[in-house]
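Comments concern the structure below.
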Amino acid sequence: MDTLSLEAVMNTLLKFVAQRSPFEYAGLLVLALLVVASSLVWVKRQLNPQRDFSELAARVNAWWVMAAVLYGVLALGRRAGLVFIGLLAFWALKEFLTLLPTRPADHRALVWAFLAIPLQFYWAAIGWYGMFIIFIPVLMFLWLPLRLVLRQETAGFVSSAAQIQWGLMAFVFGLSHLGYLLILPAHDNQPFADGRALLLFLIFTVELSDVLQYVWGKALGKHRILPRVSPNKTWEGFVGGIASAVLCSLALRFLTPFSLGETVLVAALVTLAGFAGGAVMSAIKRDFGVKDFGALIPGHGGMLDRVDSLCYAAPVFFHYLWRYHY
């Protein structure tokens, strides 16, 4: 290839890059990571054909599907994103409630719990922060026990009221903060930092932290953090995964209104919150005696197994933004 044609190719590439939006840049970065992950799985299989890498391959393949679905939905706009996240919350609550030893007297309260999901996301869609922030923690907290009382079945009352309300708080209220993120306007000092961009930054950082904690734990993990709750979580995986995810989050700083130091701070906060969410959900699974919440996603378990970290990280991220940037 002569100098002239090489220069033409470079000019074409630069023009292509200059025309991309930050949302597209983020998608290209995720695509590059997925290509690297798939390539690593292929290399491992070639180097160690006697070992079984089927679980790892299933995890990576599932990430391709999940990334394509998420990016495709967000490309359709904010309303599509809100509906999609509402469905995630519905499915997560369903998986949790399926494990509960519910009573016949709980059925109408459970109907109300599911009806709360579209209402909670409606408050987010119209930007009614006051109702959004009190609807489940206050109004549903008061109403659900009363609905149970009307059935006049006192045996198991406390257990049912506590479990249903906790499920609403963790899986609907927690995840609904992802929906409210979508309606946040572009930041004055950073026109790229609108709701979709902020959501991508959060999900990228938290989910990458989960993946890297798994990778570091498999490679170097020796000292368990919570052996009776989550035997596979180690200090090596915890420190290595969070540190790596925080560094990687800097590649998407352009999606946020954060400074360099603030990006590191926020990424550390949400990855720590994500770890806490995963640990809490692991304790629930141990209590119920199950390995996964479901089998919806090959290699990952159920929907709740995939969004458990976000149940804790989303409120932390949202309220930090709300307090300091909006």
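Start at 1 with the first residue, then count along the sequence.
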(request) Report the relative orientation of the aromatic rings in Phe132 and Phe318; use parallel for angles under 30°, tilted for 30 to 60°, perpendicular for over 60°. (result) tilted
(message) Looking only at side-chain N and O atoms, does Ser38 offer a donor or acceptor that is under 3.5 Å from a partner on Trp64?
(response) yes
(request) Identify the two heavy atoms, one from Ala273 and one from Val316, that lie closest to each other, and give their separation to 0.1 Å. (result) CB-CG2, 3.9 Å
(request) Please find out if less than 6.0 Å separates the ring center of Phe238 from that of Phe275. (result) yes
(message) Strictly distance-based, threshold 3.5 Å: is any side-chain N or O of Arg147 a donor or acceptor partner for the main-chain N or O of Ala109?
(response) no
(request) Please report the closest heavy-atom contact between Gly179 and Phe121, naming both atoms and the distance. (result) CA-CE2, 4.3 Å
(message) If you compare all heavy atoms of Ser309 against all heavy atoms of Asp210, which two are closest, and at what distance to 0.1 Å?
(response) OG-OD2, 2.8 Å
(request) Ignoring hydrogens and angles, tell me if any N or O in the side chain of Thr271 forms a donor-acceptor pair with the backbone of Ala268 under 3.5 Å. (result) yes
(request) Taking all non-hydrogen atoms of both residues into account, name the closest pair between Gly130 and Ile133 and its distance. (result) O-CG2, 3.4 Å
(request) Work out which heavy atom in Leu82 is nearest to a heavy atom in Leu182; give both atom names and the distance. (result) N-CD1, 3.6 Å
(message) By the definition ring pair (Phe, Tyr, Trp, His ring centres under 6.0 Å), identify the one residue from Trp322, Phe317, Tyr324 that meets it with Tyr320.
(response) Tyr324
(request) Please report the shortest heavy-atom distance between Gln120 and Ser176, naming the atom on each side. (result) NE2-OG, 3.1 Å
(message) Looking at Ser209 and Thr205, would you say the former's side chain and the latter's main chain have a donor-acceptor pair under 3.5 Å?
(response) no
(message) Salt bridge or not between Glu262 and Arg253? Use side-chain N to carboxylate O under 4.0 Å.
(response) no
(request) State whether the side chain of Ser244 and the backbone N or O of Gly240 hold a donor-acceptor pair below 3.5 Å, judged by distance alone. (result) yes
(message) Tell me if a side-chain donor or acceptor on Gln163 pairs with a main-chain N or O of Leu100 at a distance below 3.5 Å.
(response) no
(message) Whether the side chain of Glu95 engages the backbone of Leu304 through a donor-acceptor N/O pair (distance < 3.5 Å, no angle test) should be reported.
(response) yes
(request) On the 0 to 90° scale, with breaks at 30° and 60°, tag the Phe135-Trp123 ring pair as parallel, tilted or perpendicular. (result) perpendicular
(message) Using the ring centroid of each side chain, check whether Phe171 and Trp166 are separated by less than 6.0 Å.
(response) yes
(message) With a 4.0 Å cut-off on N to O distance, would you call Arg151 and Asp106 a salt bridge?
(response) no
